[in-house]
Colleague: 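Sending over a structure as structure tokens; questions will come in a sec.
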Amino acid sequence: MDGFFEHLPFKPADILLPQNCDYAKWSVVACDQYTSQPEYWQRVEERVGRAPSALRLILPESSLDGPQVEMDIMDINATMAQYVREGRFKTLPGAMIYVERTLSSGKVRRGLVGMADLTAYDYEPGSDALIRATEGVVMSRIPPRVAVRKNAPIELPHAMLLTDDPGRTVIEPLAAQTGEMEPLYDFDLMEQGGHIRGWRLGEAQLSQVAVALSALADPAAFHAKYGADGQPVMLFAVGDGNHSLATAKECYERQKRLAPPERWDVIPARYALCELVNLHDGSLEFEAIHRVVFHTDPGALLAALVRAYPGARRGAAPEAGGFPIRYVYAGSEGVITLPAGAAQLPVGALQAFLDDYLIGHGGRVDYIHGEDVAREFAARPGNLALLLPPMGKEELFPCVIHGGALPRKTFSMGEAHDKRFYLEARRIRE
């Protein structure tokens with residue numbers, strides 16, 4: 001079966017599934033969510049209690065700067081080893097899993113769990129790899145994530161890859177074939193996460209997926225689709241988990257330095273478990289990721305933003321073009337319109353300004369999913385919310401192919417509670 005995928009960067013994996021436990025307590029949301037809402041993670045802690053859970057195998061990003069982070073990481077690795085030793089997982093060799101995730105909205109997102117070949121992935125600006133980052137990777141964010149992963153015996157993925165498949169040839173046909181596949185799980189997720197079901201693909205489905213992916217990877221079809229004559233094929237874009245996948249790549253490169261070249265291809269860390277989703281899935285909606293600046297002078301920041309871009313103005317004037325950015329802080333609300341030439345997208349102009357401004361003026365920026373949450377933070381003294389418009393998902397592949405990675409935190413695929421939940425795992429050390 002592996003032969004079907006020999007020349008593809010997304011393949012079947014030896015997938016680990018938890019056994020003899022309550023899946024509803026095992027499965028928790030991606031660690032990079034609710035970074036400014038510690039009460040969320042406290043509720044999850046209380047709900048899980050002493051039950052076996054992926055919560056014990058991850059480090060929420062809200063804890064990365066905690067005073068006991070090194071001890072937390074040691075505890076995580078010890079628990080991973082304990083779970084493996086006591087038979088907490090069953091192994092599905094050479095497997096792919098078809099997933100149906102019913103979101104809180106009632107829509108169903110369809111995906112395919114397999115492993116991405118990190119030799120075909122590159123997060124550097126200007127990359128021409130088959131798998132490319134959709135946003136700029138902040139290198140300072142990699143070392144603490146490497147610290148979590150470098151000695152971990154297993155990985156639990158929250159990265160989601162996107163394929164641009166308007167003909168719905170790869171994933172969607174599997175929906176009508178679940179009767180031919182082995183059911184694996186079917187349960188409710190916690191904290192408004194919705195419901196999830198999964199089936200293991202049979203040999204016929206694996207062959208079908210490989211054929212469809214190979215057609216999408218055909219250079220002639222790619223060039224005609226995107227007007228990209230002579231450019232290397234981009235088969236997948238990283239939708240969620242850009243920094244997670246970059247961390248996996250860095251850990252693989254570290255292991256290569258400790259192994260002879262003839263061993264590089266068989267290092268387990270060469271691959272990273274991911275979920276593949278079609279950009280054209282009807283449930284997939286791109287949401288804006290808003291910026292909230294904490295511990296700042298909102299009036300001074302907004303005045304500096306106007307000064308930073310000649311032609312910027314307070315108020316919206318759509319007929320004149322430009323990038324309108326709404327702002328909210330205690331007792332005030334309005335719009336600043338930046339000139340359209342300031343960047344490719346509104347988020348690019350705003351992020352460049354914030355990166356520079358905060359160096360000289362202090363404060364902290366966080367990236368918030370959901371306007372209601374951003375407004376809640378903005379109501380507190382010393383905080384400022386900058387509300388961005390959403391990016392059209394049809395813009396994603398052309399923007400990355402022709403212009404490279406987007407500014408970090410440009411878009412979110414749905415609300416925080418709709419993000420990928422940890423469930424499957426995979427060994428990444430021999």
Colleague: Going by heavy atoms in the side chains, are Leu245 and Leu161 under 4.5 Å from each other?
Modeller: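 They are in contact (side-chain heavy atoms under 4.5 Å apart), so the answer is yes.
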Colleague: If you count every heavy atom of other residues, nucleotides or ligands that lies below 6.0 Å from Arg427 atom CZ, does the total exceed 12?
Modeller: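 No, because the 6.0 Å sphere around CZ of Arg427 holds 12 heavy atoms or fewer from other groups.
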Colleague: Got Phe10 and Leu276 here, is their nearest side-chain heavy-atom distance under 4.5 Å?
Modeller: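 Contact flag for Phe10/Leu276 side chains = yes.
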Colleague: So do the side chains of Val328 and Leu384 get within less than 4.5 Å of each other, counting heavy atoms only?
Modeller: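 Side chain of Val328 against side chain of Leu384, heavy atoms only: no contact under 4.5 Å found.
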Colleague: Can we say Glu253 and Lys256 salt-bridge, meaning some charged N sits less than 4.0 Å from an Asp/Glu carboxylate O?
Modeller: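 Salt bridge: yes.
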Colleague: Between Arg47 and Glu191 (salt bridge meaning N to carboxylate O under 4.0 Å), is one present in this structure?
Modeller: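 Looking at Arg47 and Glu191, the cut-off is not met.
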Colleague: What's the separation between atom CD1 in Ile171 and atom OG1 in Thr169, rounded to the nearest 0.5 Å?
Modeller: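 If we round to the nearest 0.5 Å, Ile171:CD1 and Thr169:OG1 are 9.0 Å apart.
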Colleague: Sort out for me which residue in Val347, Ile289, Leu406 forms a side chain to side chain contact (heavy atoms under 4.5 Å, CB included) with Met391.
Modeller: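 With Met391 as partner, side chain to side chain contact (heavy atoms under 4.5 Å, CB included) holds for just one option, Leu406.
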Colleague: Using side-chain heavy atoms (C-beta onward) and a distance below 4.5 Å, is Met190 in contact with Phe421?
Modeller: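 Sidechains of Phe421 and Met190: in contact.
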Colleague: Among Ile97, Leu92, Leu156, find the residue that satisfies the side chain to side chain contact (heavy atoms under 4.5 Å, CB included) test when tested with Glu424.
Modeller: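 Exactly one pass, corresponding to Ile97.
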Colleague: Ignoring hydrogens and angles, state whether a donor on the side chain of His290 or Tyr367 is under 3.5 Å from an acceptor on the partner side chain.
Modeller: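 Distance-only check fails for His290 and Tyr367.
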Colleague: How long is the span from the CD1 atom in Ile401 to the CZ atom in Arg132, to the nearest 0.5 Å?
Modeller: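 So the CD1 of Ile401 and the CZ of Arg132 are separated by 6.5 Å.
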Colleague: Begin from the C-alpha positions of Tyr23 and Leu423 and carry the test side-chain contact (heavy atoms from CB on, under 4.5 Å) through to its verdict.
Modeller: CA-CA 8 Å; Tyr23 273 21; Leu423 177 53; 4.1 Å; yes
Colleague: Are Tyr185 and Val99 packed together at the side-chain level, in the sense that at least one heavy-atom pair is separated by less than 4.5 angstrom?
Modeller: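 Yes, close enough: below the 4.5 Å cut-off.
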Colleague: To the nearest 0.5 Å, how far apart are CD in Glu275 and CZ in Arg101?
Modeller: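 Answer for the CD-CZ pair, Glu275 versus Arg101, is 8.5 Å.
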Colleague: Going by the angle between their ring planes, with limits at 30° and 60°, are Phe294 and Phe377 parallel, tilted or perpendicular?
Modeller: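 Perpendicular, since the angle between the ring planes exceeds 60°.
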Colleague: Output yes when Glu155 and Arg149 qualify as a salt bridge under the 4.0 Å nitrogen-oxygen rule, no when they do not.
Modeller: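 Result for this pair is yes, salt bridge flagged.
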Colleague: For Glu39, is the CD atom crowded, meaning more than 12 foreign heavy atoms sit under 6.0 Å from it?
Modeller: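 Yes, because the 6.0 Å sphere around CD of Glu39 holds more than 12 heavy atoms from other groups.
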Colleague: Working to the nearest 0.5 angstrom, can you tell me the gap between Tyr121 OH and Arg270 CZ?
Modeller: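 Reported to 0.5 Å precision, the distance equals 16.0 Å.
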Colleague: Could you label the plane-to-plane angle of the Tyr34 and Trp41 rings as parallel, tilted or perpendicular, counting under 30° as parallel and over 60° as perpendicular?
Modeller: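 Perpendicular.
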Colleague: Using 0.5 Å steps for rounding, measure from the CD atom of Glu394 to the CZ atom of Phe286.
Modeller: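 Glu394 CD to Phe286 CZ: 9.0 Å, rounded to 0.5 Å.
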Colleague: How about Arg88 and Gln82: does a side-chain donor come under 3.5 Å of a side-chain acceptor?
Modeller: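 Judged by distance alone, the side chains do not pair up.
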Colleague: Is there a donor in the side chain of Asp165 and an acceptor in the side chain of Thr163, or the other way round, less than 3.5 Å apart?
Modeller: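 Absent: no donor and acceptor within the cut-off.
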Colleague: Can you measure from CD (Glu415) to CD (Gln33) and round to the nearest 0.5 angstrom?
Modeller: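 The CD atom of Glu415 sits 10.0 Å away from the CD atom of Gln33.
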Colleague: Quiz question: by atom type and distance under 3.5 Å, do the side chains of His280 and Asp164 form a donor-acceptor pair?
Modeller: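 Short answer, yes.
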Colleague: Leu305 versus Leu338: any side-chain heavy-atom pair under 4.5 Å?
Modeller: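 Of all side-chain heavy-atom pairs linking Leu338 with Leu305, at least one is under 4.5 Å.
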Colleague: Flag the pair Trp26 / Tyr83 as yes when their ring centroid distance falls below 6.0 Å, and as no otherwise.
Modeller: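 Yes, they do, as the ring centres are separated by less than 6.0 Å.
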Colleague: Does the side chain of Gln231 come under 3.5 Å of the side chain of Asp128 through a donor N or O and an acceptor N or O?
Modeller: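 On atom types as modelled, these side chains do not qualify, holding no pair under 3.5 Å.
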Colleague: Give a yes or no on whether a salt bridge exists between Asp117 and Lys11, defined as a side-chain N under 4.0 angstrom from a carboxylate O.
Modeller: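 No, no charged N to carboxylate O under 4.0 Å.
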Colleague: Check this for me: Gln68, atom CD, are more than 12 non-hydrogen atoms of other residues, nucleotides or ligands nearer than 6.0 Å?
Modeller: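 Result for CD/Gln68: open.
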Colleague: Taking atom types as modelled, is there a side-chain donor on Gln177 or Gln208 under 3.5 Å from an acceptor on the other?
Modeller: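 Indeed, the side chains of Gln177 and Gln208 share at least one donor-acceptor pair under 3.5 Å.
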Colleague: Quick one: does Leu388's side chain get under 4.5 Å of Ile325's, heavy atoms only?
Modeller: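 Counting from C-beta outward, Leu388 and Ile325 do come under 4.5 Å.
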Colleague: Side-chain donor-acceptor pair under 3.5 Å between Asn383 and Thr296, yes or no?
Modeller: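 Per modelled atom types, Asn383 and Thr296 side chains form no pair under 3.5 Å.
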Colleague: Are Tyr98 and Glu100 linked by a side-chain donor-acceptor pair shorter than 3.5 Å?
Modeller: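 Per modelled atom types, Tyr98 and Glu100 side chains form a pair under 3.5 Å.
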Colleague: We want to know whether Thr102 and Lys107 form a side-chain donor-acceptor pair, criterion being a heavy-atom distance below 3.5 angstrom.
Modeller: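 There is no such pair between these side chains.
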Colleague: Just checking, is any N or O donor in the side chain of Asp297 or His361 under 3.5 Å from an acceptor N or O on the other one?
Modeller: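 On atom types as modelled, these side chains do not qualify, holding no pair under 3.5 Å.
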Colleague: With a 4.5 Å heavy-atom cut-off, do Arg375 and Glu333 have their side chains touching?
Modeller: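 Touching, per the 4.5 Å side-chain cut-off.
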Colleague: I'd like to know if Arg109 pairs up with Glu285 as an ion pair, taking the criterion as any Lys NZ or Arg NE/NH1/NH2 lying under 4.0 Å from an Asp or Glu carboxylate oxygen.
Modeller: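 The answer is no: the pair does not qualify as a salt bridge.
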